[in-house]
Amino acid sequence: MADVSIQPSERLEIETSPKVEVVGPSRTVAIVGIVLVVVVAAFAVGLRLAGTSSAGAATSVRAALVSTLAKNTADLSISESIDVEGQIGTATGSGKCNLHIDACSATLVYNGALSQLGTESMLYSGRIMYLKLAGTVGASFPTPWISLPFKASNRPSALGSTGSPLAGLALLTRQGAALRDEGMVRVDGVEMHQYGVTVSKSSAKSVVNRQETGLPGWLSHPTSQGPLGALSMTLDINAAGTIGRIAFTTSATQDHTFAIVHATETVTSYGAPVTITVPSKSELTLVNALAGTLTRYCTPAPGLRLGPASKPIVTRH
C-alpha cells in the first residue's frame, strides 16, 4: 500500500517540475532519460507488489511439504557442525528416509575435535535411534549397537543431531512457528525459494496445521515438534515445488555443558526404495547402561552424552 500511495506524488513531481527548453539531440536524451526513470520506478514497484505475502508464503510451504511427503522416500546428503564447550567437530555423510513412517538410515564420518569417534551408522525407526560407532569407541560397547529413545535422541549432543533426519520438518507444525520469505537462493547451482522459520513463545500459530490433509501420522502427532532446542530453520523449495534442502540450528545445556549443532540436509533424489531393518535385541545396549565406560579410551570434546539421563561417557583427561 505504501508503494501505491507514493506513485501519484512521484508523477505529480515529474509533471509540475520547471520546464527546461531543450533542442536537438539533447532534448531526445532528456526525454529518453525521463522515460527510463518512469520505467525503472514502475518495475521496482511491480517487484515489491509481486513479492510473496505472508499468507502466500505459508501456502507455498504447506504445498511443498505435502508434495514432498507424497514422494514417499528421499535420499539425503548430511552435513553438521558440532560445538561442545567451544570445541568444534564436523560430521558429513548421507542418508535415506521413508517419508511416510519417519524411518531413516544414515552414515556419518566425524572430523575435527570428534575425529576419534570415526564413522557412525545410524538407524531411526519407531521413535528410537540406533547408533553404531567405529574405532576404539565402538569397540568399547558390549554390543554392536546402542539405542536411544525419542527423548534422548531428539536433542543435540557431541554426536550432533541424533534425532531423525526428518525432525526439522516437524518444526513447521510446532506452535509458535513464524515464517518469513527469504527470496531466491542457489543450492549447488540450482535456484530455490528459501523460507525461514523461527519459533517464538509469543505466537500460538504454526506454519502448517497438524490436521493438514496429506500429512502422515508421525508428522500430525502432537508430540512431533522438531529437534529439541531448535532455534531456527531454513527451508529451500525447488522449481518442482518440493523441498530441496533443510538447515536448522539446535542447542541444549546439560549440567553446565552446552552443545550447539548446525545441520544441513540436502535432498539428492526422491522415490528410490528404502528398507530400514532395526537391530535385534541381542545386538542392543540401552544408552544409560554405558555411562562412564569410555573415559579411558578417548579424549575428544568433554562431556559427551548420549542421553539426558546419562553421565558423561567421554571426558578429557
Side-chain angles (χ1 to χ4, degrees), residues 51-65 68-69 74 76-86 88-92 95 97 102 104 108 150-151 153-188 191-210 212 215 219 223-238 242-254 257-267:
T52 307
S53 66
S54 177
T59 299
S60 297
V61 169
R62 289 191 204 102
L65 178 62
T68 296
L69 296 172
L76 310 170
S77 65
I78 301 171
S79 176
E80 296 186 355
S81 172
I82 306 158
D83 180 347
V84 179
E85 292 296 318
I88 309 297
T90 62
T92 56
C97 291
D102 187 22
C104 300
L108 296 176
F150 177 75
K151 288 184 179 180
S153 66
N154 193 36
R155 65 179 62 225
S157 71
L159 292 178
S161 179
T162 53
S164 165
L166 302 178
L169 295 179
L171 284 176
L172 298 173
T173 66
R174 185 188 296 183
Q175 285 194 343
L179 186 68
R180 65 185 183 277
D181 189 337
E182 301 285 9
M184 302 302 293
V185 297
R186 281 191 172 273
V187 179
D188 297 330
E191 282 201 351
M192 296 193 189
H193 199 143
Q194 186 169 96
Y195 297 91
V197 180
T198 54
V199 178
S200 170
K201 293 181 179 179
S202 63
S203 173
K205 296 181 180 179
S206 61
V207 178
V208 177
N209 189 299
R210 293 189 189 280
E212 187 86 15
L215 294 186
L219 194 57
T223 59
S224 295
Q225 58 177 354
L228 296 180
L231 306 176
S232 61
M233 177 178 74
T234 57
L235 197 69
D236 299 328
I237 298 175
N238 58 31
T242 55
I243 296 171
R245 182 175 65 176
I246 304 169
F248 61 87
T249 301
T250 182
S251 64
T253 301
Q254 179 182 325
T257 298
F258 72 82
I260 302 174
V261 179
H262 304 279
T264 301
E265 299 162 359
T266 304
V267 179

Undergrad: Can you tell me how far the OG1 atom of Thr234 sits from the CE atom of Met192, to the nearest 0.5 Å?
TA: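 The distance works out to 11.5 Å.
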
Undergrad: Over all heavy atoms of both residues, which pair between Ser232 and Leu171 is shortest? Give the atoms and the distance, please.
TA: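 Minimum heavy-atom contact is O-CD1, 4.5 Å.
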
Undergrad: With a 4.5 Å cut-off on side-chain heavy atoms, are Thr92 and Ile78 touching?
TA: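 SC-SC contact between Ile78 and Thr92 ruled out.
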
Undergrad: Give me the atom names and distance for the closest heavy-atom approach of Ser251 to Ile260.
TA: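 Scanning both residues, the minimum pair turns out to be CB-CG1, 3.9 Å.
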
Undergrad: So, taking the atom named CD1 in Ile243 and the one named CG in Leu69, what distance separates them when rounded to the nearest 0.5 Å?
TA: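 It comes to 7.0 Å.
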
Undergrad: Are any side-chain N or O atoms of Glu80 and backbone N or O atoms of Val261, one a donor and one an acceptor, separated by less than 3.5 Å?
TA: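 Answer holds: no.
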
Undergrad: State, to 0.1 Å, how close Ile237 and Ser60 come at their nearest heavy-atom pair, and which atoms those are.
TA: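 Of all heavy-atom pairs spanning Ile237 and Ser60, the closest is CD1-O, 4.0 Å.
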
Undergrad: Regarding His193 and Asp181, do their side chains bring together a donor and an acceptor under 3.5 Å, going by distance alone?
TA: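 Yes, because at least one side-chain N or O of His193 sits under 3.5 Å from a partner of the opposite role on Asp181.
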
Undergrad: Measuring from atom CG of Leu169 to atom SG of Cys97, what distance do you get when rounded to the nearest 0.5 angstrom?
TA: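 Rounded to the nearest 0.5 Å, the CG-SG separation comes out at 9.0 Å.
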
Undergrad: Give the C-alpha distance, both sets of side-chain angles, the deciding distance and a yes or no for side chain to side chain contact (heavy atoms under 4.5 Å, CB included) between Arg180 and Thr198.
TA: CA-CA 8 Å; Arg180 65 185 183 277; Thr198 54; 3.1 Å; yes

Undergrad: For Ala259 and Val84, work out which heavy atoms get closest and say how close.
TA: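 Looking at all heavy atoms of both residues, the closest pair is CB-CG2, 4.3 Å.
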
Undergrad: Per the side-chain hydrogen bond (donor to acceptor under 3.5 Å, both in side chains) rule, which among Thr266, Thr264, Asn238, Asp236 passes with Arg245?
TA: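 Running side-chain hydrogen bond (donor to acceptor under 3.5 Å, both in side chains) over Thr266, Thr264, Asn238, Asp236 with Arg245 returns exactly one hit, Asp236.
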
Undergrad: Evaluate Arg174 against Val197 for side chain to side chain contact (heavy atoms under 4.5 Å, CB included), listing each step before the verdict.
TA: CA-CA 10 Å; Arg174 185 188 296 183; Val197 180; over 6 Å; no

Undergrad: Could you grab the distance from atom CG of Leu219 to atom CG of Leu166, nearest 0.5 Å is fine?
TA: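 It is 9.0 Å, given to the nearest 0.5 Å.
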
Undergrad: To the nearest 0.5 Å, how far apart are OH in Tyr195 and CD in Glu182?
TA: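 Interatomic distance, Tyr195 OH to Glu182 CD, rounded to 0.5 Å: 10.5 Å.
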
Undergrad: Flag the pair Gln194 / Val187 as yes when at least one side-chain heavy-atom distance between them is below 4.5 Å, and no otherwise.
TA: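 No; the side chains remain at least 4.5 Å from each other.
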
Undergrad: To the nearest 0.5 Å, tell me how far Thr173 OG1 sits from Leu65 CG.
TA: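 Reported value, rounded in 0.5 Å steps: 8.5 Å.
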
Undergrad: Quick one, Thr90 with Ile82, criterion side chain to side chain contact (heavy atoms under 4.5 Å, CB included). Give me CA distance, side-chain angles, the key distance, then yes/no.
TA: CA-CA 6 Å; Thr90 62; Ile82 306 158; over 6 Å; no

Undergrad: Taking it one step at a time, do Thr242 and Val267 satisfy side chain to side chain contact (heavy atoms under 4.5 Å, CB included)?
TA: CA-CA 10 Å; Thr242 55; Val267 179; over 6 Å; no

Undergrad: Considering non-hydrogen atoms only, spot the tightest contact between Ser81 and Ile88 and give its length.
TA: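 Reported closest heavy-atom pair: OG-CG2, 4.1 Å.
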
